[in-house]
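Chain identifiers are assigned alphabetically (A, B, ...) following the order of the sequence lines, protein sequences preceding nucleic acid strands; residue numbering begins at 1 within each chain.
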2 protein chains.
Amino acid sequence: MHPGTASRALNPNARGEVSRQTVRRVERAAHLLGYLPNTVARGLRTSRSLVVALVVPDITNPLFPYIVRGAEQVLVEAGYTLVLTDTNNDPGRERSQVAAMRAGGVDGFIVATARWQDPVLDELAAAAVPTVLVNRRNQSCSFPYFGTDDRHGIDLCVDHLKQLGHRSILHLAGPADTSTGRERASAFRQAMRARRLPTARAVVNCSSFTEQAGAAAVNTVLAQGFSFTAIVAGNDLLAIGALEALTARGIECPRDVSITGYNDVDFMRRLTPAFTTVRVPLNKMGALAARTLLGWLGGTEPELGAKVLLPVEFMHRGTTARAAR
Amino acid sequence: MHPGTASRALNPNARGEVSRQTVRRVERAAHLLGYLPNTVARGLRTSRSLVVALVVPDITNPLFPYIVRGAEQVLVEAGYTLVLTDTNNDPGRERSQVAAMRAGGVDGFIVATARWQDPVLDELAAAAVPTVLVNRRNQSCSFPYFGTDDRHGIDLCVDHLKQLGHRSILHLAGPADTSTGRERASAFRQAMRARRLPTARAVVNCSSFTEQAGAAAVNTVLAQGFSFTAIVAGNDLLAIGALEALTARGIECPRDVSITGYNDVDFMRRLTPAFTTVRVPLNKMGALAARTLLGWLGGTEPELGAKVLLPVEFMHRGTTARAAR
DNA sequence: ACGCTTCCCACAATCGATTGTGGGCTTGAT
DNA sequence: ATCAAGCCCACAATCGATTGTGGGAAGCGT
C-alpha cells in the first residue's frame with residue numbers, strides 16, 4: 001500500500017481516483033490504527049492549516065469572551081479551528097504572539113487589539129495576510145473593520161443626560177492609542193458642542209480600559225476641583241471604577257452624579273444601581289468578522305478599509321437621574 | 001550558501017559549528033529578508049512546536065480568564081505560545097478541538113474541561129500526551145491535577161451558616177459529570193452530617209454551572225414545597241441564579257434566605273448584596289499547572305495521579321445573615 | 001614540502017502528507 | 001488472439017527546516 005494511495009482514499013476530493021474497495025480497506029485500517037492525518041505535514045505541503053487566530057488584548061475584560069463566542073460559532077461550523085491568544089495589553093507580546101502564529105501557519109487573523117498606530121498590523125498588511133479587525137481599528141485602516149456605531153452611542157448618552165438637566169458632563173476617554181478611545185472622545189465633544197454644552201476640561205484621558213484607570217481619572221479630576229454632575233465613561237469598566245471612586249468620597253450615584261457606561265457587559269445590569277449603558281452586539285461583531293475572514297480565505301477578497309458599524313441600543317437603568325438642584 | 005548552514009547559524013545550540021563571520025552574514029540576510037523560520041516545517045522535523053493548548057469549557061464563565069492569565073504568564077516566560085480553545089461545554093467539540101490541536105502538533109495540554117468520565121482524557125493518556133488538569137479532574141485520575149480544597153471550602157460554608165443558626169440548608173450541586181460538582185456535593189453531605197443537620201432532599205443537581213441552571217433549580221425546589229433558610233451554591237453563577245429566582249418571588253436575601261457562592265470571581269464583591277463566597281487562587285492554579293506541564297515537557301515526568309489542592313479563603317460578605325425566627 | 005589536525009561548510013536523508021505522472025493490469029471489442 | 005481504452009495504483013518530487021556525515025581547505029609542526 002503506497003502512502004499516496006492512502007492519502008487519496010482519505011481525501012474526499014480525490015476519492016474518485018481510487019477504487020471503492022481500496023477506499024474501504026484504507027478507512028478500516030485508519031480507524032483501526034487511530035490514524036489522524038498530521039496537520040503539520042499537510043500544512044507544510046498545502047500551506048493551509050484551517051486555523052484562524054483571534055488576538056485579544058485582555059481576556060479578563062468581559063467584553064471579549066462574547067466576541068470570541070460569536071467568531072467561534074461561525075468558524076467551527078466551517079470546519080476551522082479557532083485559537084485564541086491574549087496579549088495582556090502589551091504591544092511586545094502582541095508582536096511576538098502574532099509572529100508565532102504566523103510562523104505556525106495560521107490561515108488568517110481576527111485582531112481585537114488594534115492600536116491607532118499599529119506596526120504589527122502594518123506588517124500583516126505588507127505581507128498580505130488575511131486579517132480582519134474587530135472592536136478596534138487602526139488609523140491606516142488597512143483591513144476590514146467590524147465595530148459599533150460609537151458616535152451614535154455616545155450621542156445617545158449625552159442626549160439622555162442633557163434631557164435629565166445635566167450641563168457639566170465629564171468624559172472618561174479610553175486610551176488615545178485605541179480607536180474606541182479616540183472616537184468616543186471625539187463623538188463626545190461633537191455631541192456636547194451640538195447641544196451648546198461646555199467642553200473645556202470635560203475630557204480626561206485614561207491610560208487603559210480598566211476600573212483602576214477609571215477611578216484614578218475621577219480622583220484626579222476631583223483633586224483639580226473641576227465639578228460635574230454626570231460622567232460619560234468610555235466603557236463599562238471605566239464607569240465602574242468611576243463609581244467606586246465617587247462612592248469612596250461619599251458622592252452618591254445617581255443622586256449626586258449620573259454615570260453612563262459603554263458595551264453593557266453581562267453583569268452591568270446586576271450591579272446596584274444597575275448601570276445605564278450602551279448595549280453593543282458583541283456576538284454579532286465576532287460572527288461577522290469571522291464570516292468575512294472566511295470569505296477572504298475562500299477567495300473573495302473584501303474591499304480594503306471597509307467599515308461595518310453595528311447599531312447600538314441605549315439601556316436606561318439606575319445610574320442616571322435628573323440633575324440635582 | 002547551503003540551507004543547512006543557515007539553519008545552524010540561526011540556531012543558538014549549533015552556532016559553534018559555523019564560523020563567526022558566516023553567522024553574521026546569515027543574520028544580516030535573515031533580517032534583511034524578514035525571514036522567520038517556518039514553525040510548521042521545523043515542527044515536522046523536530047516534532048516539537050513550543051505550543052501548549054489550554055482547553056476551557058466556557059470562556060464566558062469569568063472563572064476561566066484568570067486561570068488563563070496564570071498559565072499564560074508562566075508559558076510565555078518560558079518561550080512557549082499558549083493557544084486557547086473553548087469547547088462551549090460540548091463534549092463533541094472538546095473531542096474535535098483536542099484532536100485538531102493534537103494533529104497540529106501542540107506539545108502538551110492543560111485541560112480545564114475534564115468530565116468525570118472523559119474519553120478524551122483517556123485517549124490522551126493512552127497516547128501519552130503530556131497533559132495536566134486544572135480546576136476539574138476525571139475519575140481515573142490519569143494526569144496531575146491542580147484544584148482547590150473543595151471539601152474544606154464547602155465545610156467553611158456550612159459551618160458559617162450553622163453558626164448563623166441555619167438548619168435547613170440547600171445545596172445547588174454542579175453537574176454530576178464534573179469533579180467539582182460531585183466533590184462539593186459530597187463535601188456538603190459530609191459537612192451536614194458531621195453537624196447533625198438534615199441532608200434529606202437537601203441536594204439538588206443543576207445541569208450546568210450557569211445562572212439559568214441555578215435559577216431553575218431553586219424554582220423546582222420551591223415548587224416542590226421544600227423549605228430552607230440557606231443555600232450553599234456549587235459556584236458563583238449558580239448562586240447568582242438562585243438569588244434572582246428568589247428575588248423574583250419576593251424572597252429576600254439575606255433577610256429570608258442566606259446564600260454562599262464558590263470561586264469569588266471578580267464581580268461578586270460588587271453585587272448588592274455583595275456575595276459571601278469562597279475565594280480560590282485561580283491565577284496560581286493556572287500558573288502551577290503550566291509550570292508542571294513545562295517540567296514534563298522538559299523531561300521530568302510527574303507522578304501520575306498527583307493532586308495539588310490549593311488553600312481557599314472564606315469571604316464573609318452580605319448574602320449571609322442570622323437565620324430568621 | 002609533506003602530513004597531520006582542526007575547522008567549516010556542503011551534501012543528502014529525514015519528518016508526513018500531497019499530487020502530477022507513468023506504467024501495469026483488466027476489460028471489452030473486433 | 002490481438003489491440004485499444006480505461007481504471008488503479010505505485011513512484012517520486014515537493015513543502016522548509018534539521019542534522020549526521022564526509023570532504024576540502026587552511027594552519028601548523030617537523
Reading nucleotides 17-28 of chain C from 5' to 3' and marking B where a protein heavy atom lies under 4.0 Å of the base, S where only the sugar-phosphate is that close, and - otherwise, the string is SBBBB-------

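- Between the side chains of T148(B) and D150(B), at least one donor N or O sits under 3.5 Å from an acceptor N or O.
- Take D118(B) and apply the side chain to side chain donor-acceptor pair (under 3.5 Å) test, not counting sequence neighbours, and it matches R115(B).
- The number of heavy atoms from other shown groups lying within 6.0 Å of CZ (R48(B)) does not exceed 12.
- One finds no salt bridge joining D177(B) and R136(B) here, because no Lys/Arg side-chain nitrogen approaches an Asp/Glu carboxylate oxygen to under 4.0 Å.
- To the nearest 0.5 Å, the span separating OG1 on T292(A) from CZ on F146(A) amounts to 3.0 Å.
- Rounded to 10°, the angle separating the first-five-pair axis and the last-five-pair axis of the helix from dA1(C)-dT30(D) to dT30(C)-dA1(D) equals 60°.
- Straight-line distance from the CD atom of Q21(B) to the P atom of dC7(C): 16 Å, rounded to whole Å.
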Show your reasoning for whether side-chain contact (heavy atoms from CB on, under 4.5 Å) applies to T178(A) and W116(A). CA-CA 5 Å; T178(A) 66; W116(A) 191 241; over 6 Å; no

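- Between R93(B) and E72(A), at least one side-chain nitrogen of the basic residue sits less than 4.0 Å from a carboxylate oxygen of the acidic one, meeting the salt-bridge criterion.
- In this structure, the side chain of S179(B) engages the main chain of R137(B) through a donor-acceptor pair within 3.5 Å.
- Residue L44(A) contributes atom CG, which lies 9 Å from atom C1' of dC15(C) at whole-angstrom precision.
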